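Quantities reported herein were computed from a predicted structural model and do not represent experimental measurements. Naming: A, B, ... by sequence-line order, numbering from 1 per chain.
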2 protein chains.
Amino acid sequence: MTDNLRRVTELDRLIHEPARLLIVTILSSVESADFLFLQRETGLTKGNLSAHLSKLEDAGYVKIHKTFKGKLPLTVCKLTAAGTKAVAQYRQQLQSFMEMTTQ
Amino acid sequence: MTDNLRRVTELDRLIHEPARLLIVTILSSVESADFLFLQRETGLTKGNLSAHLSKLEDAGYVKIHKTFKGKLPLTVCKLTAAGTKAVAQYRQQLQSFMEMTTQ
DNA sequence: CAGACTGGTTTGTATTGCAAACTAGTCTGC
DNA sequence: GCAGACTAGTTTGCAATACAAACCAGTCTG
């Protein structure tokens, strides 16, 4: 084990932010999820959920597909391959940090 | 297990910030540490280490004692009881989040 | 056709995290 | 004895963030 605690500072900040960590964690457990489902699950306001999703989309971690359910807008979100990889790496890094410092 | 993923948004942001998580983790493994030791261990610049330590002090998580070693200033840092508790709780919360979402 | 509702996006603002500049005191060479 | 370099930090400037509140386009209801 290369006991390099310092690595914790290299965590992907985009995923590290708790609200987004929650979002991507949910997304990684389902095939895809719509906006309102994510809002219910996360408890975030629409505004903040929208903003976080935009950042994840800009980073290429989430694909957002806008369509309609009947006459109402429907926003479907799905983790991309890059997103899945980033989440896995984040978890890996965090897990090794925790293991290095078992108290 | 109350599978409440949402709890991740309640993580203490003061500790969640990676640089500070590193600082308090180091501090929780030693009785006390001086400024330059922390700087070497964390790799942070003096400026940023100073700023992070001030935040931790303001939060009551770290006690900072300024003295001299010979004629040079010596800043000794030590986790307070509140700090120790906050770190333990943070780790506990993060660990349960990780366990809820084993991939 | 006014007002409420749905499913979002945009804006305003206060807080951050970081790099760079600064400070106070000490040591060295000349 | 004083100019410049060094030590051990603190402060400042600024760009990026996160959140709440305001806004918006379209739909439904009385």
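Summarising the geometry, atom CG belonging to A:L53 is positioned 11.0 Å from atom CG belonging to A:D58; distances are rounded to the nearest 0.5 Å.
Protein atom CG of A:N48 is 13 Å distant from nucleotide atom C1' of C:dT13, rounded to whole Å.
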Between A:L44 and A:I23, does a side-chain contact (heavy atoms from CB on, under 4.5 Å) hold up when you go through it step by step?
CA-CA 10 Å; A:L44 293 170; A:I23 293 170; 4.0 Å; yes

In residues 77-95 of chain B, what donor-acceptor pairs under 3.5 Å come from side-chain atoms, sequence neighbours left out?
unit_1	atom_1	unit_2	atom_2	d
B:K78	NZ	B:E31	OE2	3.2
B:T80	OG1	B:G60	O	2.6
B:T80	OG1	B:Y61	O	3.3
B:T80	OG1	B:A82	N	3.4
B:T80	OG1	B:G83	N	3.0
B:T84	OG1	B:T80	O	2.9
B:Y90	OH	B:H16	ND1	2.7
B:R91	NH1	A:T101	O	3.4
B:R91	NH1	A:T101	OG1	2.6
B:R91	NH2	A:M98	O	3.3
B:R91	NH2	A:T101	O	3.1
B:R91	NH2	A:T101	OG1	3.4
B:Q95	NE2	B:E99	OE2	3.4

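Grouping Ile, Leu, Val, Met, Phe, Trp and Tyr residues whose side-chain heavy atoms lie under 4.5 Å apart, directly or via other members, leaves A:F68 alone, with no other cluster members.
B:E17 has its side chain within reach of B:H52: a pair of non-hydrogen atoms, C-beta onward, lies under 4.5 Å apart. In this structure, A:L21 and B:L11 have side chains that are not in contact, with every pair of non-hydrogen atoms separated by 4.5 Å or more. A heavy-atom distance below 4.5 Å is not found between the side chains of A:T42 and B:T9. Here the side chains of A:P18 and B:R13 are in contact, with some heavy-atom distance below 4.5 Å. Looking at A:T75 and A:L38, their side chains never come closer than 4.5 Å, going by heavy atoms from C-beta outward. A 4.5 Å side-chain heavy-atom check between B:V8 and A:T25 finds every atom pair outside the cut-off. Side-chain contact between A:L56 and A:I64 is absent, with no heavy atoms from C-beta onward closer than 4.5 Å.
Across all their heavy atoms, B:L14 and B:D12 have their closest contact at N-OD1, 2.9 Å. Of all the heavy atoms in B:D34 and B:L36, the pair that sits closest is OD1-N, 3.1 Å.
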Which protein N or O atoms sit under 3.5 Å from an N or O of nucleotides 26-30 of chain D?
none

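Within residues 12-24 of chain B, the residues having any heavy atom under 4.0 Å from DNA chain D are, by residue number, B:R13. If you check residues 49-57 of chain B against DNA chain C, the residues with a heavy atom closer than 4.0 Å are B:H52, B:K55, listed by number. Less than 4.0 Å separates DNA chain C from no heavy atom of any residue of residues 26-46 of chain B.
Taking 4.0 angstrom as the limit, B:K66 places none of its side-chain polar atoms (N or O) nearer than this to OP1 or OP2 of C:dA24.
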